Amino acid sequence: MTEEKSLNFIEEIIEEDLRNGVHQKIKTRFPPEPNGYLHIGHAKSIVLNFGLAIKYGGTTNLRFDDTNPVTEDTEYVDSIKEDIQWLGYTWANEYYASDYFETLYDYAVSLINKGLAYVDDSSAEKIAAEKGTPTTPGQSNEYRNRSIEENLTLFKEMREGKYRDGEKVLRAKIDMAAPNMHMRDPVIYRIKHAHHHRTGDKWCIYPMYDFAHGQSDSIENITHSICTLEFIPHRPLYDWFIEKLEIFPSHQYEFARLNMTHTVMSKRRLMQLVNQGFVSGWDDPRMPTISGLRRKGYTPSSIRTFCDKIGVAKRDNLIDISLLEFCVREELNQTAPRVMAVLDPVKLIIDNYDPDKSEYLETESFPNQPEMVRKVSFSNTLWIEQSDFMEEPMKKWFRLAPGATVRLKSAYIIKCESFKKNADGQVTEIHATYLPESKSGADHSGMKVKGTIHWVDAKNAQSAEVRLYDRLFTSENPAIEENFLEHINPDSLVVKQAYIENGTAAKPGAHFQFVRTGYFCVDKDSGEKLIFNRTTTLKEGFKPKE
RNA sequence: UGUCCCAUAGUAUAACGGUAGUACGACAGACUCUGACUCUGUUUGUCGAGGUUCGAAUCCUCGUGGGACAACCA
């Protein structure tokens, strides 16, 4: 039985490199910028990079791309590390681009010495103007012909803090008429008198991404540097620096980033959701962040499975969020203990059950492990779901209705005898009679009922706050809408005051399946008062027809 | 009027010149003390036109469509 999974294009490249002896071992890296929280899109990259190294016996470095001190912070470093570990991965080394500032500086000097870099005194505006447009070539300026000596002196003075922010930059001297805009003498060093989260005030010049990333890969001997599609036009530059600097030839490969329906993924938009209070924070369970998904009840393996299933390719994609939900259901169905909870309670009174009596009934906690059982309290007064009763049942209605019989899960068969409504027409109380001989596990009634409903003993229940989360956006692809904020789902969070079986061992992070209603996870804020977050619903098989 | 990337069921992703397959979704049925799970079945696809070839989703050309690139961001 060979379960042969086809290779993605990166795996094909790696296998060919290994086969041809281009590399003996592969090295990958995950290079986040510590300026935000990781999201499910990053998870795709993490699973790819770490997964490749594991599959082919290589290693993966965690490298923080911290070349812009004004946006970066250790707060993000910590959360990123936590999320990667939570996902189940261990990095071989923890590095920072800032570890290489001295080396990078030397690289820049060597470029100057080769006549391949120059100091430009122009303003940012002038440089942008001279760069041309994608369809018109750029123009060079008077600084392009400065002597090597002058460039050396100026660059040294930049480092020494002799100039203010924006007064000068170091540029690579390539080709102002190149059809690829990134090759039109890109800026490689800029002056920023800013405090860096790691190097403090040691530097006032910082390398740009293009002058840091590839070289960092090279310094670490990264064999396969995997990034997203938007870096394709940077690749010629990536290769140019490595070639001119004559350093280890790392290679860049690009794959399509993850997009998901009913979700936004860009840091900018996610930041807006947080800052404008549409969600409670970066770890709000509606956020596609790793911390949000974790709080919502997603497990590391369900996220890994998801990343595995979506594949890796180069075409733009929009993955249906139902695939993510499928992955977590598939796992939780096996691992989450069942428990009964009633989210929209209505009282059910069993008229022929002794009001002074109560009993404990056995019920299974895992349907596929019949030996895993627990006892649930039962009496003449129960909570059941409002939605399990219909005054005038539709066709194919298996649940409760006047005169209808139904099985109370793990208890008795009951027959609805009457009900009460309030002035608003809302059902407030349902009366039923039960069949004593229909007790679950010892059913001698000979009756067959179509429906089974869940319940909680009203005389012995605990209350809980249950947070029902739904997709954050009603639009399938909010990112392409004019104003994505207008497409926020007003019902993305509905809070219920529910009843749950007494004695449920609900520690923060614990997963449960509320029988017939979905998967839930105990929130981190849960304490005296239990708080549950809905991870996802059960697949809905009942679809009423007109 | 540039350069680059991409194009296979609704959504993703395989098929590496030789029978277009898989997953999710949808639909139908079986089972069911969760209308869940499980099982069975159905549905829908190679962007277009040429060319090469015994044979093209695959190679070539030209279209068409989508995307990326003009931060002292990454």
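Naming convention: chains lettered A, B, ... in sequence-line order (proteins, then strands); numbering from 1 in each chain. Computed from heavy atoms alone, side chains included, the values below leave out hydrogens, waters and symmetry copies. Because the structure is a prediction, the values reported are computed rather than measured.
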Do [X] and [Y] make the cut of ring centroids closer than 6.0 angstrom?
X	Y	answer
A/Phe326	A/Phe306	no
A/Phe101	A/His196	yes
A/Tyr238	A/Phe231	no

What interatomic distance, in whole Å, is found between [atom1] of [M] and the corresponding atom of [N]?
N	M	atom1	result
B/rU58	B/rA49	P	12 Å
B/rG2	B/rG63	P	11 Å
B/rA30	B/rG66	C1'	44 Å
B/rU61	B/rU44	C1'	31 Å
B/rG21	B/rU34	C1'	34 Å
B/rU53	B/rG18	C1'	12 Å
B/rA15	B/rC73	C1'	41 Å
B/rA20	B/rG45	P	14 Å

When all nucleic acid strands are considered with a 4.0 Å heavy-atom cut-off, which category describes [X]: base, sugar-phosphate, or nothing?
X	result
A/Ser122	base
A/Arg184	nothing
A/Gly451	nothing
A/Tyr209	base
A/Val515	base
A/Tyr189	nothing
A/Lys192	sugar-phosphate
A/Ser123	base

Task: Reading 5' to 3' through nucleotides 2-15 of chain B, protein heavy-atom contacts under 4.0 Å coded B for base, S for sugar-phosphate only, - for none - done: BSSSSSB--SSBSS
- [ ] Determine, for nucleotides 36-43 of chain B in 5'-to-3' order, which nucleotides have protein heavy atoms under 4.0 Å from the base (write B), from only the sugar-phosphate (write S), or from neither (write -).
- [x] SS------
Open item on the list: With a 4.0 Å limit, can you tell me whether A/Arg171 has a side-chain N or O closer than that to the phosphate oxygens OP1/OP2 of B/rC72?
Closed with: no
Task: Watson-Crick or G-U stems of RNA chain B, 3 or more pairs, under 3.5 Å, by first number - done: B:2-7 with B:64-69, B:10-13 with B:21-24, B:26-30 with B:38-42, B:47-51 with B:59-63
- [ ] Test A/Arg184 against every option in A/Met176, A/Arg171, A/Gln139, A/Glu130 by the side-chain contact (heavy atoms from CB on, under 4.5 Å) rule and name the one that passes.
- [x] A/Met176
- [ ] Sort out for me which residue in A/Leu348, A/Thr405, A/Leu382 forms a side-chain contact (heavy atoms from CB on, under 4.5 Å) with A/Ile414.
- [x] A/Leu348
Open item on the list: Assuming nearest nucleotide by heavy-atom distance, tell me which of A/Gly132 and A/Glu72 is located more 5' along RNA chain B.
Closed with: A/Gly132
Task: Residue whose closest nucleotide on RNA chain B lies nearer the 5' end, A/Arg407 versus A/Val169 - done: A/Arg407
Measure from [atom1] on [X] to [atom2] on [N] and round the result to the nearest Å.
X	N	atom1	atom2	answer
A/Met271	B/rC73	CE	C1'	12 Å
A/Leu237	B/rA74	CG	C1'	14 Å
A/Tyr238	B/rA74	OH	P	16 Å
A/Phe398	B/rC31	CZ	C1'	13 Å
A/Phe306	B/rA23	CZ	P	18 Å
A/Asp185	B/rC72	CG	P	13 Å
A/Glu364	B/rC33	CD	C1'	8 Å
A/Glu254	B/rC69	CD	P	14 Å

Open item on the list: Among residues at least two apart in sequence or on other chains, which ones pass ring-ring contact (aromatic ring centres under 6.0 Å, His included) with A/Phe64?
Closed with: A/Tyr96
Task: ring-ring contact (aromatic ring centres under 6.0 Å, His included) partners for A/Phe389, two or more places apart - done: A/Phe419
Open item on the list: Applying salt bridge (Lys or Arg N to Asp or Glu O under 4.0 Å), can you list everything that pairs with A/Asp388, at least two apart in sequence or on another chain?
Closed with: A/Arg399, A/Arg516
Open item on the list: Can you say whether a donor on the side chain of A/Ser322 sits under 3.5 Å from an acceptor on the base of B/rC24, or the other way round?
Closed with: no
Open item on the list: With a 3.5 Å cut-off and heavy atoms only, can you find an N or O donor on one side and an acceptor on the other between the side chain of A/His182 and the base of B/rA68?
Closed with: no
Open item on the list: Looking at A/Asp99 and A/Arg198, is any side-chain nitrogen of the basic one under 4.0 Å from a carboxylate oxygen of the acidic one?
Closed with: yes
Task: Cationic tip of A/Arg63 above A/Phe30 ring, under 6.0 Å, 45° of axis - done: no
- [ ] Classify the angle between the aromatic ring planes of A/Tyr76 and A/Tyr37 as parallel (below 30°), tilted (30 to 60°) or perpendicular (above 60°).
- [x] perpendicular
Task: A/Ser387 and A/Glu385 side chains, donor-acceptor separation under 3.5 Å - done: no
Task: Shortest non-hydrogen contact from A/Leu293 toward A/Pro288 - done: CD1-O, 3.9 Å
Open item on the list: Is it the case that atom NZ in A/Lys173 sees more than 12 heavy atoms from other parts of the structure closer than 6.0 Å?
Closed with: yes
